[in-house]
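Here's a structure for you.
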Amino acid sequence: MDGNGRWAKKRFMPRFFGHKQGVDALVRTVLACADRGIEYLTVFAFSSENWKRPTEEVSGLMGLVLVAVSKYLAKLADRGVRIRIVGDRSQVSDKLRSAWEQAESSTAHNTRITLSVAFNYGGRWDIVQACREAIAAGVAPERVDEALLSGYMAMSYAPDPDLFIRTGGEVRISNFLLWQSAYAELVFTDCLWPEFGDAELDAALAEYARRDRRFGMVKTGAAATAG
Ligand code: FPP
C-alpha cells in the first residue's frame with residue numbers, strides 16, 4: 001500500500017493524512033475484492049523496516065490502526081470479512097495486540113473473504129520464524145522440504161497469492177511474502193495507494209487475465225508439458 005506520503009505531499013498535507021486516506025482505500029479495496037469473489041487479500045501495512053521511520057510517524061500509524069479497528073471492524077465483520085494479522089506481535093503495544101486479537105476473534109467465523117494484515121512483517125522474518133518453529137518442534141533435517149516449511153509459515157492458512165500488486169510506482173517486492181509469491185504474477189502501478197479503488201483493481205485483474213501462467217512448465221501449442 002505504497003504512496004500515502006506522496007499523495008499527502010501533493011496536497012500540502014502531513015504524511016499522516018495520507019495514511020488516514022490509506023485506511024479508507026483499504027476498506028474500499030477489501031469490499032471490492034469480496035464483491036469480485038476474491039477469497040484472500042493480504043496487505044502490507046507495516047514492515048519490519050518501518051520502525052526506522054520518524055518516531056511521530058510510527059506512533060501516528062499505531063494510533064491510526066487502533067482508530068481504524070474501532071471505526072471499521074463492525075462494518076467489515078458484517079460484510080463477511082475474516083481478519084488475520086501476520087507478523088511479529090512481540091514488539092507492538094499491549095493495546096494494539098488486544099485490538100488485533102479482538103479483530104481476529106470477532107471475525108473468525110466469516111468465510112466470504114480473508115483479509116490478512118501484514119504488520120511488523122517481513123518475508124525474511126517469516127522464513128526464519130518458520131525454521132525456528134520447525135526446529136523447536138523437533139523436525140529432523142531430512143524431513144524438511146518445501147511443503148513442510150510452508151506449514152510453519154505465518155500464512156499457512158492461505159493459498160499462495162496469484163496476483164501481487166504494488167502501488168506507488170516502485171518496482172520491487174521489498175521483503176513482502178517472499179516465500180509465498182514464488183509464482184505470483186506481479187503488477188506494478190503508479191497509482192498512489194489512497195487513490196486505489198475499483199478501477200485500479202479491475203485494471204490489475206485484467207492485466208492478470210492476460211498473463212500466461214506456466215509455473216515452470218513449457219507451453220507447446222494448447223498443451224502444457226513439464227519443462
Ligand atoms: C506506505 O506509504 C504505507 C505505509 C508504510 C503504511 C500503510 C498503512 C496503512 C494504509 C494503514 C493500515 C491500517 C490498518 C488498519 C491495517 P509511504 O508512507 O511509504 O508513502 P510514500 O512512499 O509516498 O512516502
Side-chain angles (χ1 to χ4, degrees), residues 1-34 40-79 81-89 91-93 95-107 110 113-123 125 154-155 164-177 188-197 200-201:
M1 301 190 284
D2 199 10
N4 295 343
R6 279 165 286 160
W7 183 88
K9 196 173 173 203
K10 271 168 64 178
R11 286 157 183 80
F12 307 102
M13 297 294 279
R15 295 175 59 80
F16 180 76
F17 183 64
H19 294 315
K20 206 161 162 282
Q21 295 297 313
V23 174
D24 293 343
L26 172 56
V27 172
R28 194 163 67 223
T29 303
V30 181
L31 299 179
C33 285
Y40 291 89
L41 171 68
T42 305
V43 294
F44 207 178
F46 193 85
S47 77
S48 318
E49 292 75 34
N50 284 155
W51 294 106
K52 294 176 198 144
R53 293 190 174 209
T55 322
E56 55 285 11
E57 184 171 352
V58 171
S59 56
L61 270 168
M62 300 292 162
L64 182 62
V65 172
L66 287 171
V67 171
V69 171
S70 67
K71 187 171 170 193
Y72 291 113
L73 182 57
K75 179 178 180 174
L76 294 176
D78 196 47
R79 303 286 287 271
V81 180
R82 174 173 76 137
I83 297 175
R84 297 290 298 255
I85 314 302
V86 285
D88 182 358
R89 298 184 197 207
Q91 283 167 290
V92 306
S93 68
K95 225 173 165 182
L96 189 50
R97 223 177 354 257
S98 64
W100 285 148
E101 279 157 20
Q102 193 207 344
E104 288 184 324
S105 60
S106 63
T107 61
N110 283 338
I113 184 169
T114 297
L115 167 67
S116 300
V117 178
F119 201 91
N120 196 20
Y121 173 90
W125 165 84
M155 290 196 58
F164 180 118
I165 304 172
R166 181 175 185 151
T167 58
E170 308 288 357
V171 188
R172 56 176 171 266
I173 291 172
S174 296
N175 203 17
F176 190 40
L177 300 180
F188 297 95
T189 167
D190 289 336
C191 171
L192 302 174
W193 175 251
E195 286 165 352
F196 198 86
E200 292 72 24
L201 177 63

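The chain is numbered in sequence order, starting from 1. All ligand and atom numbering here is 1-based and tracks the order in the structure.
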Apply salt bridge (Lys or Arg N to Asp or Glu O under 4.0 Å) to Arg97 and list each qualifying residue two or more places apart in sequence or on a separate chain.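 In terms of salt bridge (Lys or Arg N to Asp or Glu O under 4.0 Å), with neighbours along the sequence ignored, Arg97 is linked to Asp94.
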
Which label fits Phe196 and Trp193: parallel for a plane angle under 30°, tilted from 30 to 60°, or perpendicular past 60°?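 Ring orientation, 0 to 90° scale: parallel.
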
For Tyr121 and Phe176, take the angle between the two ring planes, folded into 0 to 90°, and tell me which bin it lands in: parallel under 30, tilted 30 to 60, perpendicular over 60.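 Aromatic pair Tyr121/Phe176 classed perpendicular.
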
Extract all donor-acceptor atom pairs below 3.5 Å that involve side chains of residues 53-69 and protein atoms in other chains or at least two apart in sequence.
unit_1	atom_1	unit_2	atom_2	d
Arg53	NH1	Glu57	OE2	2.9
Glu57	OE1	Arg15	NE	2.9
Glu57	OE2	Arg15	NE	3.3
Glu57	OE2	Arg15	NH2	3.2
Glu57	OE2	His19	NE2	2.8
Ser59	OG	Thr55	O	3.1
Ser59	OG	Glu56	O	3.4

Please determine whether the number of non-hydrogen atoms from other residues, nucleotides or ligands lying under 6.0 Å from atom CZ of Arg6 exceeds 12.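 More than 12 within 6.0 Å, yes.
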
Sequence neighbours left out, what passes ring-ring contact (aromatic ring centres under 6.0 Å, His included) with Phe119? Give chain and number order.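 Result, ring-ring contact (aromatic ring centres under 6.0 Å, His included) vs Phe119: Phe46, Trp100.
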
Report all N/O contacts between ligand 1 and the protein shorter than 3.5 Å as a table of atom names and distances to 0.1 Å; if there are none, say 'none'.
unit_1	atom_1	unit_2	atom_2	d
ligand 1	2 (O)	Asp2	OD1	3.4
ligand 1	2 (O)	Gly3	N	3.4
ligand 1	18 (O)	Arg15	NH2	2.7
ligand 1	18 (O)	Arg53	NH1	2.8
ligand 1	19 (O)	Asp2	OD1	3.2
ligand 1	19 (O)	Arg53	NH2	2.7
ligand 1	20 (O)	Gly3	N	3.4
ligand 1	20 (O)	Asn4	N	3.2
ligand 1	20 (O)	Gly5	N	3.0
ligand 1	22 (O)	Asp2	OD1	2.9
ligand 1	22 (O)	Arg6	NE	3.4
ligand 1	22 (O)	Arg6	NH2	3.0
ligand 1	23 (O)	Gly5	N	3.3
ligand 1	23 (O)	Arg6	N	2.7
ligand 1	23 (O)	Arg6	NE	2.8
ligand 1	24 (O)	Arg15	NH1	3.0
ligand 1	24 (O)	Arg15	NH2	3.2

